[in-house]
Amino acid sequence: QVQLVESGGGLVQPGGSLRLSCAASGSIFSIGTMAWYRQAPGKQRELVAAITGTDSTNYVDSVKGRFTISRDTAKNTVNLQMNSLKPEDTAVYYCNAYITATTRATMNYWGQGTQVTVSS
């Protein structure tokens, strides 16, 4: 029953901002590293940002200084604040997380994806 659900995608003008959220639900014991990936048409899926269980973060070079990943452990959520958006940021953004269920089994999960379109 564990699942990840993204929200916050949409259409925004170049230079604008958007905030993505991803909430994990189900029989969760704990959540490890959470991340955001994106996939543009005709391109491979790439890691955009990740945050570990100890709050260490890393970003793909193209978004450094513009995007910020954060998490709220109590709410089982991860967010991606995207500022100074560029047309090349257009993609389907996917939430990803390592989740340990109450069964104590740990698996990697993917959200359904949310579309982000940056266009004037």
Side-chain angles (χ1 to χ4, degrees):
Q1 280 192 295
V2 172
Q3 65 175 210
L4 298 173
V5 179
E6 300 110 330
S7 63
L11 175 64
V12 66
Q13 295 183 336
S17 298
L18 210 57
R19 184 178 178 85
L20 305 183
S21 294
C22 172
S25 63
S27 302
I28 300 169
F29 178 76
S30 64
I31 302 177
T33 297
M34 302 185 83
W36 287 96
Y37 286 75
R38 67 185 180 188
Q39 187 165 28
K43 297 183 179 180
Q44 293 189 69
R45 187 172 299 187
E46 68 172 349
L47 174 66
V48 178
I51 182 166
T52 70
T54 55
D55 293 330
S56 292
T57 60
N58 65 277
Y59 303 86
V60 66
D61 286 345
S62 61
V63 309
K64 288 181 178 177
R66 300 189 298 120
F67 291 11
T68 301
I69 187 170
S70 62
R71 68 190 296 164
D72 186 331
T73 303
K75 295 181 179 180
N76 291 334
T77 61
V78 62
N79 304 303
L80 185 68
Q81 178 64 48
M82 305 184 292
N83 299 324
S84 302
L85 284 161
K86 304 174 180 180
E88 48 263 49
D89 292 318
T90 296
V92 175
Y93 284 70
Y94 297 90
C95 179
N96 177 273
Y98 283 91
I99 300 174
T100 300
T102 53
T103 60
R104 301 302 195 275
T106 300
M107 295 185 182
N108 187 249
Y109 294 84
W110 289 94
Q112 80 287 354
T114 185
Q115 178 71 48
V116 171
T117 302
V118 184
S119 177
S120 59

Working to the nearest 0.5 angstrom, can you tell me the gap between [X] [atom1] and [Y] [atom2]?
| X | Y | atom1 | atom2 | value |
| --- | --- | --- | --- | --- |
| Ile28 | Ile99 | CD1 | CD1 | 5.0 Å |
| Gln81 | Ser21 | CD | OG | 9.0 Å |
| Tyr59 | Thr68 | OH | OG1 | 4.5 Å |
| Leu11 | Ser120 | CG | OG | 9.5 Å |
| Leu20 | Phe67 | CG | CZ | 8.0 Å |
| Arg45 | Arg38 | CZ | CZ | 13.0 Å |

Under the disulfide bond (SG atoms under 2.5 Å apart) definition, can you give me all pairs with a residue in residues 41-78, not counting sequence neighbours?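 Non-adjacent pairs meeting disulfide bond (SG atoms under 2.5 Å apart): zero.
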In a check of side chain to side chain contact (heavy atoms under 4.5 Å, CB included) between Arg71 and each of Ile31, Asn76, Thr77, Thr52, which one passes?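 Of Ile31, Asn76, Thr77, Thr52, side chain to side chain contact (heavy atoms under 4.5 Å, CB included) with Arg71 is met by Ile31 alone.
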Give me the one residue out of Gln115, Met82, Glu6 that meets side chain to side chain contact (heavy atoms under 4.5 Å, CB included) with Tyr93.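 That would be Met82.
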Taking atom OH as the centre, does Tyr98 end up with more than 12 heavy-atom neighbours from other residues, nucleotides or ligands that are less than 6.0 angstrom away?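 Count not over threshold, so no.
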Exceeds 12 heavy-atom contacts within 6.0 angstrom, atom CD of Glu88: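 Check passes, neighbour count above 12.
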Is [X] reaching over with its side chain to a backbone N or O of [Y], donor-acceptor style, under 3.5 angstrom?
| X | Y | answer |
| --- | --- | --- |
| Thr100 | Thr106 | no |
| Asn58 | Ala49 | no |
| Gln39 | Ala91 | no |

Heavy-atom check, side chain of [X] versus side chain of [Y], under 4.5 Å:
| X | Y | result |
| --- | --- | --- |
| Val60 | Leu47 | no |
| Ser119 | Thr90 | no |
| Asp89 | Arg66 | yes |

Lys/Arg-Asp/Glu bridge criterion (N-O < 4.0 Å) met for Lys64, Asp61: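 Judged by the 4.0 Å cut-off on N to carboxylate O distance, Lys64 and Asp61 do form a salt bridge.
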Work out which heavy atom in Ala35 is nearest to a heavy atom in Ile69; give both atom names and the distance.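 Shortest heavy-atom separation between Ala35 and Ile69 comes out as CA-CD1, 4.2 Å.
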Consider only side-chain heavy atoms of I, L, V, M, F, W and Y, link residues closer than 4.5 Å, and tell whether [X] and [Y] are in one cluster.
| X | Y | value |
| --- | --- | --- |
| Tyr109 | Ile51 | yes |
| Trp110 | Val5 | no |
| Leu18 | Trp36 | yes |
| Val12 | Leu80 | yes |
| Tyr94 | Leu85 | no |

Take Val78 and Cys95 through the side-chain contact (heavy atoms from CB on, under 4.5 Å) test and state the conclusion after the steps. CA-CA 8 Å; Val78 62; Cys95 179; 3.7 Å; yes
